[in-house]
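Okay, structure first, notes after.
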Amino acid sequence: MAEYDYLIVGAGLFGAVFAQQAYEHGKKCLVIDRRHTIAGNIACTKIDNIFVHEYGAHIFHTDNKQVWNYINRFACFNNFVNSPLAYAKGKLYNLPFNMHTFYQLWGTKTPQEAKALIKQQCEEYSKIIPTNLKEQALKIGGRDIYTLFIKEYTEKQWVRKATDLPAFIIKRIPFRFVYNNNYFNDRYQGIPVEGYSYLVEKLLEGTEVKVNTDYFDNRVYFDKLADKIVFTGCIDQFFNYEFGKLEYRSLRFKHVSLDIEDYQGNAVVNYNDANVPYTRIIEHKHFVFGNQPSTIITKEYPEIFTSKSEPYYPVNDNKNTILYKKYREKADLQKNVIFGGRLGTYTYIDMDDIIENALKVTKKELIL
Ligand code: UDP
């Protein structure tokens with residue numbers, strides 16, 4: 001008999017929801033994480049009374065009522081609505097692409113005017129089935145929007161050509177003909193007022209957690225500890241890169257404390273031009289309507305992924321999708337290992353999907 005029912009590798013959102021559900025169903029879990037903190041990439045640190053999103057902006061949004069109800073058991077969410085700005089060629093514009101943006105760009109005042117202009121610009125792409133991000137963006141938004149807001153930003157952020165990226169990435173951003181700057185279409189949205197780390201702490205209540213503990217430092221030992229493993233790290237590393245290395249998009253975050261009340265007047269400002277080295281600046285206090293006397297901003301720099309950098313985003317292009325399929329097939333044969341999270345399933349998914357997936361997996365695993 002192993003000491004634990006489940007060894008959960010990774011104290012991020014997937015691992016924490018799994019642990020919570022397992023605990024609720026009387027299972028004994030051990031959660032380990034190689035970092036010195038819990039909460040994975042949604043970790044927040046309180047500095048000068050401001051919750052700093054250590055690994056970039058995380059705005060919770062979902063259309064799934066079950067997920068919303070579930071997560072509200074563990075945190076109190078505020079009514080933050082993400083309305084980022086885009087700084088391009090010396091001017092500020094509203095995002096996502098909506099009537100405000102079109103007015104700022106072309107002076108169009110009505111949806112009819114904006115639609116007519118965009119239709120003209122999209123003409124040559126209207127009949128094609130987009131095979132990459134560039135074609136998809138041109139088909140939806142036309143030449144001006146692609147050139148000013150998408151091409152340079154995307155190529156800077158992903159460190160690859162827009163023609164080498166999958167079309168679905170750009171479909172994440174709403175495109176609408178009403179005056180509405182809400183970046184998301186989802187019904188529920190907000191930020192946990194006590195920070196994401198506290199939310200994860202709540203999810204992990206009752207479960208044994210060991211940080212500074214790397215599964216790969218002693219796999220043989222850890223594998224013996226539990227009947228099953230829930231693995232949320234990189235799937236290619238789990239299989240010792242047997243079929244080759246998957247590619248990820250990495251980032252570098254530069255946090256700066258400023259002795260001023262307000263730096264940019266908004267939580268998120270994107271910098272769309274190629275000659276600005278960072279992709280966005282976030283000002284953390286605005287996520288929770290803070291009125292502290294000072295502020296903290298974070299500049300997000302794209303970084304090429306190496307063995308020394310952190311994997312933040314999977315690169316779901318053709319080459320990596322084929323490679324991932326091989327790992328997936330192998331993963332499906334592992335009867336005692338459950339793969340979850342962005343890295344474990346090599347998918348570009350948001351927090352709500354992670355929770356939904358974890359609830360589905362635990363339902364199958366623990367309840368049925
Ligand atoms: N994007 C863009 N310009 C922007 C914002 C986003 O071209 O001002 C593109 C970019 O390719 C990005 C994708 O849209 O990867 C999805 O944006 P989102 O804000 O959802 O990215 P995330 O917050 O997940 O990094």
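Just follow the structure's listing: the first ligand is 1, and inside any ligand the first atom is 1. FYI, the numbering just counts along the sequence from 1.
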Nearest protein heavy-atom contact for [atom]: which residue, which atom, what distance?
atom                    : answer
atom 18 (P) of ligand 1 : Tyr183 OH, 3.6 Å
atom 22 (P) of ligand 1 : Tyr348 OH, 3.4 Å
atom 9 (C) of ligand 1  : Ile170 CD1, 3.6 Å

Handout entry: Donor-acceptor side-chain pairing of Asn72 and Asn69 below 3.5 angstrom
Key = no
Exercise for the section: Determine whether the side chains of Glu310 and Asn41 contain a donor N or O and an acceptor N or O closer than 3.5 Å. Expected result: no
Practice task
Over all heavy atoms of both residues, which pair between Tyr324 and Gly344 is shortest? Give the atoms and the distance, please.
Solution key: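 Looks like OH-O, 4.4 Å.
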Under 4.0 Å from a heavy atom of [X]: which atoms of ligand 1 are those, numbered in the order shown and with their elements?
X      : result
Leu95  : 8 (O)
Asn272 : 3 (N), 4 (C), 8 (O)
Ile150 : 7 (O)
Gln157 : 10 (C), 11 (O), 12 (C), 15 (O), 25 (O)

Applying a heavy-atom cut-off of 4.0 Å, say which part of [X] lies close to ligand 1: side chain, backbone, both or neither.
X      : answer
Ile173 : side chain
Phe149 : backbone
Asn270 : side chain

Exercise for the section: Look at ligand 1 and say whether Arg280 reaches it with a heavy atom at a distance under 4.0 Å. Expected result: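 Within the 4.0 Å threshold, so yes.
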Practice task
Before signing off on this row, confirm whether Tyr313 and ligand 1 have an N or O atom pair separated by under 3.5 Å.
Solution key: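 Yes, there is a polar N/O contact under 3.5 Å.
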Exercise for the section: For the pair Phe177 and Phe175, name the ring-plane relationship: parallel under 30°, tilted 30 to 60°, perpendicular over 60°. Expected result: perpendicular
Practice task
Give me the ring orientation class for Tyr312 and Phe253: parallel if the planes are under 30° apart, tilted from 30 to 60°, perpendicular past 60°.
Solution key: perpendicular
Handout entry: Single-linkage hydrophobic cluster Val269~Ile296, side-chain heavy atoms < 4.5 angstrom
Key =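 Unlinked, Val269 and Ile296 end up in two clusters.
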Exercise for the section: Apply the side-chain contact (heavy atoms from CB on, under 4.5 Å) test between Phe60 and each candidate in Phe80, Trp68, Phe184; give the one that qualifies. Expected result: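 Only match with Phe60 under side-chain contact (heavy atoms from CB on, under 4.5 Å): Trp68.
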Handout entry: Member of His53, His284, Lys254, Arg280 meeting the side chain to side chain donor-acceptor pair (under 3.5 Å) criterion with Thr298
Key =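 Of His53, His284, Lys254, Arg280, side chain to side chain donor-acceptor pair (under 3.5 Å) with Thr298 is met by His284 alone.
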